[in-house]
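Since the structure comes first, as structure tokens, the remarks are kept for the end.
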Amino acid sequence: MNAKHFTFISQLVQNRVWAGVILLIASLLSYSANAAQVVATVSSNQVGINEIFELKVSIDDSVSNNALDLSPLKKDFTVGTPSTSSFSSFVNGSVTRRTEWRVALAAKSTGKLTIPAFRIGATRSDPIVITVSNQPGQTSPATDLAIEVTGRMDKDTLYVGESQIYQVQIKIGEQIEQASLASPQGDGIDVVQVGKDHQADTVLNGRQYTIINRKYRITATKPGNITLQGAKLTGTAFKSGRGRSVGLRIPVNIQAEPKSLAVKGKPDTYQGLWLPTADLQLSQQWQNDSAELKVGEPVTRVLTLKMKGTPQSQLPDLSLSYPDSVRVYSEKPVYSQESDYSVMTLKQVIIPRQSGAISLPALKVNWWNTEKGQQQQSLADGKTLQVKPDSTANASNPQTPSTSSQDSVQSSQNLSRQSLNSLSGDTPKQQGVAPFWPWLTLIVTVLWIITLVLWLRARKFTVKEPKVSSAASHSDQFAKAELISAVQSNQPMLIQTCYQRWDKTHLTATYQQDLETEIARMMRACYGKSPTNWDNRQLLALLKQETTAQHKAGQSEALAPLVPDLPPVRSKG
């Protein structure tokens, strides 16, 4: 091969290399341009004001959903919520990807409006000019939504601490998604929803609506002029035009009109706990307050307080100071709602501890009448209880020695005097009297002295309660049986009454103190500020312990000799 042939081949190879490079670069540029092309289209470029039309933006590539910035549209258009979709396909060994956005638009003004170009990556779409007229078209829906939000409150002047009901009504005649209602707001007020929503369907001017009613309690917390921002409904409404296959979503952001409030402070002349309300009612009921009331029998007092337009958290505590002559057990207050009134019911169990006239205090509640603008006072009268002593409690008191014993001692004393007189010669001698009578008199006197000494010693060293009559013993056993039955049936008031009637004078101080402690624990558990379940097993065990001890004591007493055996005395004569 000569030099000429070699030069020709070299030039040919070089030309082919450069051609390949050029073709490769061209193909890459062509692919990049085709893959990144952004296209923007509209469903109509001639629309009416507030008329909805659709904007579609697409790119032949797979990109993020946030790659499209729609914020430049908000100046001239109402922008709906965009929907995004991505597509991928494989045809003839080639992969095609596509990302698409659809969004509802509505022009805010008439004239020529421009949809600006959208840039995604290195490419951008072409701008679109829209002609907007005064009248909407026939085939596209308008942005005027059949949705209405209104708020209403009866008063625009409040006192600090006073509450009022704010009523919100929502009328919805559209398909709405992800609807949410924000509560009214304002500086210096507390807002709490009251109850549940009330929903109903109705027809207004030939169109079906859903009516939703909701209530809020507005409570003023500081004086001054306050602007109450109305409740706000947010969500997405779904609308579609005739013949349109794709629905358009329109953002919903509708707020009720604001309301101005004038809040007054607490007057300087007011005295007592500050209770502002349009109406306050205080009442009471007495149970088992008859004239035959005895010590230990319970009296029930039920106090009811009603306040209009006041939340339960602001109801006052009813506090009363009772005398020491009674025991008081207060149950936990019960709260309820009656229309616009908050109701608190307090039940107190009062047990007299002593007889006589006992004065129970009245209850006075000061409050501020917001309707009349003046201080008022509600009163629940007190009561005087005429308490009689409990006769069964004193049925068995310590007694002096029995009459028969006294008669025996008196007889022995008389006999002793006669014997002494006989020995001293004061008694005249009688005919036929045996000479052993002086010795017999002496023996009787000695025996009487020994008996008297033993009786005194037995009384001094033997700890025994004096015996009572059989009737009193029977009454005590009956009261004890009633008490045990009441404990077994878990009736605290009946237990307290039976315990007061039961004679406890024969009990030791320690055992009686244990019983008192358990009775007090029972009353605290059942009628204290925080009632709990009471277990009656401890009290039953104490009562059975007393019964067992009493039974054993009775056996010992029956077996023990009353008087020690004495040696036989033989008479001399």
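Numbering of residues begins at 1 and proceeds along the displayed sequence. As a basis for the values below, the full set of heavy atoms in this structure was taken, side chains included, without hydrogen atoms, waters or symmetry mates.
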What pair of heavy atoms forms the shortest contact from [X] to [Y], and how long is it?
X: Q337; Y: S342; result: OE1-OG, 3.3 Å
X: D535; Y: R537; result: OD2-NH2, 2.6 Å
X: I226; Y: G188; result: CD1-O, 3.7 Å
X: T110; Y: S133; result: CG2-O, 3.7 Å
X: K308; Y: T277; result: O-OG1, 2.7 Å
X: I165; Y: M153; result: O-CG, 3.4 Å

Under 3.5 Å donor-acceptor, [X] side chain and [Y] backbone:
X: Q167; Y: N213; result: no
X: K171; Y: T150; result: no
X: D190; Y: T219; result: no
X: S86; Y: T99; result: no

Got a sec: does the [atom1] of [X] have more than 12 other heavy atoms crowding it under 6.0 Å?
X: K215; atom1: NZ; value: no
X: Q281; atom1: CD; value: yes
X: D317; atom1: CG; value: no

Mind checking whether [X] and [Y] have side chains closer than 4.5 Å, heavy atoms only?
X: I218; Y: V191; answer: yes
X: E174; Y: I176; answer: no
X: P333; Y: L346; answer: yes
X: Y341; Y: S336; answer: no
X: I519; Y: I495; answer: yes
X: S283; Y: V302; answer: no
X: D279; Y: E371; answer: no
X: I350; Y: T300; answer: no

Going by side-chain contact (heavy atoms from CB on, under 4.5 Å), V57 matches just one of V103, L68, T41. Which one?
L68
Nearest 0.5 Å, please: how far is [atom2] in [Y] from [atom1] in [X]?
X: I170; Y: I254; atom1: CD1; atom2: CD1; value: 9.5 Å
X: N369; Y: Q376; atom1: CG; atom2: CD; value: 4.5 Å
X: Q255; Y: L181; atom1: CD; atom2: CG; value: 10.0 Å
X: M307; Y: Q312; atom1: CE; atom2: CD; value: 12.0 Å
X: S58; Y: W101; atom1: OG; atom2: CH2; value: 8.5 Å
X: Q285; Y: L303; atom1: CD; atom2: CG; value: 10.0 Å

Please walk me through it: do Q229 and T227 pass side-chain contact (heavy atoms from CB on, under 4.5 Å)?
CA-CA 6 Å; Q229 302 295 336; T227 299; 3.6 Å; yes
If you measure from the Lys or Arg side-chain nitrogens to the Asp or Glu carboxylate oxygens, is any gap between [X] and [Y] under 4.0 Å?
X: K56; Y: E54; result: no
X: K112; Y: D76; result: no
X: D69; Y: R119; result: no
X: D197; Y: R214; result: yes
X: R152; Y: D154; result: yes

Determine whether the side chains of W367 and S378 contain a donor N or O and an acceptor N or O closer than 3.5 Å.
yes
Between S180 and Q178, is there a side-chain donor-acceptor contact under 3.5 Å, judged purely by atom types and distance?
no
Should Y322 and Q348 be marked as a side-chain hydrogen bond (donor to acceptor under 3.5 Å, both in side chains) after you check the CA-CA gap, both sets of side-chain angles, and the distance that decides it?
CA-CA 11 Å; Y322 285 90; Q348 294 181 326; 2.5 Å; yes
Please assess K222 against D187 for the test salt bridge (Lys or Arg N to Asp or Glu O under 4.0 Å), listing each intermediate value before the final yes or no.
CA-CA 9 Å; K222 68 178 183 179; D187 183 27; 3.1 Å; yes
Look at the rings of W368 and Y270 and say which category their plane angle falls in: under 30° parallel, 30 to 60° tilted, over 60° perpendicular.
perpendicular
Take the angle between the ring planes of F77 and F53 and call it parallel below 30°, perpendicular above 60°, tilted in between.
perpendicular
Walk me through it: do K266 and V160 pass the test side-chain contact (heavy atoms from CB on, under 4.5 Å)?
CA-CA 7 Å; K266 173 184 174 181; V160 172; over 6 Å; no
Is there a side-chain contact (heavy atoms from CB on, under 4.5 Å) between R217 and D340 once you walk through the steps?
CA-CA 10 Å; R217 184 175 297 282; D340 195 25; 3.6 Å; yes
Run the side-chain contact (heavy atoms from CB on, under 4.5 Å) check on K155 and E162 step by step: do they pass?
CA-CA 11 Å; K155 296 177 62 176; E162 184 181 4; 2.8 Å; yes
